[in-house]
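Scroll down for the structure; my scribbles are underneath it.
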Amino acid sequence: MTAAAPPVRIALLGNPNCGKTALFNLLTGSHQKVANYPGVTVERKEGWLRTPAGRRVQVLDLPGAYSLNAVSADEAVTRDVVTGHRDTLPDLLVCVADATNLRMHLRLVLEARALGLPLVVALNKSDRAEQLGIVVDADRLARELGVPVVRTVGVQAHGAQALLEQLDRPVPPRTAPTWKAPDVAEVLATQQRSHRIVEAVVQEPAVDADPSDRIDRVIMHPLWGLLILALVLFTTFIAVFSLGDLLAGFVDEGFAWLGEAVGRTMADGPLRGLLVEGIIGGVGGVLVFLPQILILFLFILALESSGYLPRAAFLLDKPMSGAGLSGRSFIPLLSSFACAIPGIMATRTITDQRDRLTTILIAPLMACSARIPVYTLLIAALFPGEPLTAALMMSGLYALGVVSAMAVAWVIKRRHRHDHVPLLMELPSYQWPDLRSLAIGLWERAVIFLRRVGTIILALTIVMWALYSTPSPWADRTATPLERSLAGELGRGLQHVFAPIGFNEHIAIALVPGMAAREVVVSALGTAYAMEGDEDEVSGRLTERIAREWSLATRLSLLLWMVFAPQCISTFVVVKRETGSWRQMWIMGGYLFALAYLASLVTYQLTTLLTAP
Amino acid sequence: MSIGVAGPDLSARMSSASPIPLAELPDGQWATVADIPVPQDRADHDLVLRLMELGFVPGERVRIVAEGLGRRDPLAVRVGRSTFALRHHEAALILVNVHP
């Protein structure tokens, strides 16, 4: 732009926890695109909005930053964008500042103003400030700063009206921004100016109305805090299993009905087989877990936006340091119980690179929701009609994953001498979660999952179906159709590897597609036993056959295998992407397969020895 | 660590006006940041810069809101209207005057 005109590209700049994401969600609604900045694992969120005058404006949501003097990859991207070294320079910077905590947020505004870019300040969370009796004189602030100041409420339907109107006003043409890293004296000088302005424009009540400190006395108490945390986690898992199970039942019935309907209307033949047994059976069997994944994420997102999760991380910092980790690893590892992929992506918030890598390497040990069907099937076959023992066994498998992860982290830490890693983690004020942001967050998770189902799992299902349906040219003519198929041939080959850990031919075949997505093991076993129908029905009858035909040693051995084996192609892909290293990806895969084989070998051989007549 | 010297003389020093490291501030007690000496060590220098940017500057009111499960590690510190979790190491870099 050469002359003054309304902006067409704006960027949101602000501290973490200033409510920037809620404001971005309010401004852009569903018009969002999430990608990565090229070359770094930092999320790039862009969208567009319409101003009251009907103009379309591009909105870039910059990663949250406490300062342009970056200490993390996120902050470096923000600095690079606003200093013109990355991406397109915006026509206007919208500096989002938390009106309830201007004392902290104004410093970044001053830093941004020094860049020389056109700027507008959004006093966000204005409603909350009012509730707390904090009065901010916006006109005075605008005069002090020499830039427009508007009030916004990111969590209210029309909370961005003033900002939107501001976007129709012309902004001066931007000049090349100037920025250099400040020294201690400059930082102190900026803070002094910031505090002087805050004294002039903010009136706070004599008694702080924010209950956060009082809540923290209980929530972060060494005893009560840990009890509350245990209760929160327990409630979350109960909800995932009970409510998730209920909803999964509906999905399941839907697919059973669909399979039957398609089966009735189509003529018998390979196409019907592919559709009913292959696609509807296989893909449906995996879609069943969508409700459980979403419920777990609903809890995680709500706990995170309420401000609770950083407190949980604070409480667990010391226990986790025993394993060589810090509290910062808690949130990524918790997410990994739903799925390792978002869990590994959440490690981006860990500033220390070694801690981050360790967390990535152990994240696949958290029992993700894809393990649920396999665990359920095998436990049912181990303890038929003993729900209490089965529940204990299930908890034991979850615990085994966690304990192993901590042990692995401990070993990694021992190998590398470690410098001091600062914590510097903000514990934001408690607030009610914003429903719009929760909904958008859940939708993002659902899309990731559905994309995976629609690509990898669908493709695998078709490949497996084809392997089972194609006769092998070398096979004995007298054999059963299964033994004659290409899949049967494959299973016989693999059995040599798996014989020492007690896996039979059927398991070996099922593990082939299961290497790419572990939940496929159940449906593949079902097909291997030449059964039809959807996964839940299959597992019902499959349980009896497993209980009857597999030895106790084999059943236990496979269960242990599933705790460790990294059978998930998406995890490999995401580890490669997040670490930028093939080596780390192979280390992750290698050590987990080695652990799986070892655990199964010991279990199988010991059980065989002990149960021998 | 250059400043973190806890000991029997703690109460004596607290009653006098001399500043103590934030890491030694009793739980729940309000204090005012007196000084953050800039260390020579590169990593600690950057750490101090960041602490200042987060609001730990002379004159700010601070208070320990909660202690972690370790020996005062981590610490939840209220500064202004924000709360930060700091390790003992970071908290020892900040000198405070205890409010009478």
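The model shown is predicted, which means the values in this text are computed figures rather than measured ones. We name chains A, B, ... by the order of the sequence lines, and we start the count at 1 in each one.
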* Identify the residues of residues 48-55 of chain B whose heavy atoms come closer than 4.5 Å to a heavy atom of chain A, ordered by number, or report 'none'. => B:Leu49, B:Arg50, B:Leu51, B:Met52, B:Glu53, B:Leu54, B:Gly55
* Structure fact -> Turns out that what part of B:Val38 lies under 4.5 Å from chain A's heavy atoms comes down to side chain
* Within 6.0 angstrom of A:Glu144 CD, more than 12 heavy atoms from elsewhere -> yes
* Asked: So which part of A:Ser212 gets closer than 4.5 Å to some heavy atom of chain B, the side chain, the backbone, both or neither?
  -> side chain
* Nearest atoms (heavy-atom pairs only) where B:Ala66 meets A:Met220 -> CB-CB, 3.6 Å
* What part of B:Glu60 is in contact with chain A, defined as an atom under 4.5 angstrom from a non-hydrogen atom: side chain, backbone, both or neither? -> side chain
* State whether the number of non-hydrogen atoms from other residues, nucleotides or ligands found under 6.0 Å of A:Trp224 atom CH2 is greater than 12. => no
* Measuring heavy-atom distances to chain B, does A:Met104 have an atom under 4.5 Å in its side chain, in its backbone, in both, or in neither? -> side chain
* Taking atom OG1 of B:Thr83 and atom CG of A:Asp213, what is their separation to the nearest 0.5 Å? -> 5.5 Å
* Under the side-chain contact (heavy atoms from CB on, under 4.5 Å) test, which residues partner A:Gln431, sequence neighbours left out? -> A:Lys125
* Any side-chain heavy atom of B:Arg78 within less than 4.5 Å of one from A:Asp216? -> no
* Structure fact -> Honestly, the part of A:His221 sitting under 4.5 Å from a heavy atom of chain B is neither
* Asked: Heavy atoms, side chains only, cut-off 4.5 Å: are B:Leu47 and A:Leu424 in contact?
  -> yes
* Please round to the nearest 0.5 Å and tell me the distance separating atom CZ of B:Arg81 and atom OG1 of A:Thr100. => 6.0 Å
* To do: Locate the shortest heavy-atom distance separating A:Leu315 from B:Leu69; write the atom from each residue and the value.
  => O-CD1, 3.3 Å
* Work out which heavy atom in B:Gly68 is nearest to a heavy atom in A:Phe314; give both atom names and the distance. => N-CZ, 3.6 Å
* Asked: What part of A:Gln192 lies closer than 4.5 angstrom to a heavy atom of chain B: side chain, backbone, both or neither?
  -> neither
* Would you find a donor on one side and an acceptor on the other, under 3.5 Å apart, between the side chain of A:Glu426 and the backbone of B:Ser82? -> no
* Residue part contacting chain B, namely of A:Val71, when any heavy atom lies under 4.5 Å -> both
* For atom CH2 of A:Trp410, decide whether the heavy atoms of other residues, nucleotides or ligands shown that lie under 6.0 angstrom number more than 12. => no
* To do: Check each atom of B:Arg87 against the heavy atoms of chain A and say whether the ones under 4.5 Å are side chain, backbone, both or neither.
  => both
* **side-chain contact (heavy atoms from CB on, under 4.5 Å) partners of A:Ile215, counting only residues at least two apart** => A:Pro211, A:Ile219, A:Tyr430
* Asked: If you look at every heavy atom in A:Arg217 and B:Ile64, which pair is closest and at what distance?
  -> NH2-O, 3.6 Å
* Answer yes or no: are there more than 12 heavy-atom neighbours, outside A:Glu199 itself, under 6.0 Å from its atom CD? => yes
* For chain B, the option from A:Asn69, A:Leu226, A:Asp98 that forms the most heavy-atom pairs under 4.5 Å -> A:Asn69
* For A:Arg328, check salt bridge (charged side-chain N to carboxylate O under 4.0 Å, His left out) against everything at least two apart and list the hits. => none
* Structure fact -> In short, A:Lys318 meets B:Asp73 closest at the heavy-atom pair CD-O, 3.8 Å
* Please state whether the side chain, the backbone, both or neither of A:Glu75 comes within less than 4.5 Å of a heavy atom of chain B. => side chain
* A:Leu223 portion near chain B, given a 4.5 angstrom heavy-atom threshold -> neither
* Asked: Does any heavy atom of chain B fall under 4.5 Å from the side chain of A:Leu132, the backbone, both, or neither of them?
  -> side chain
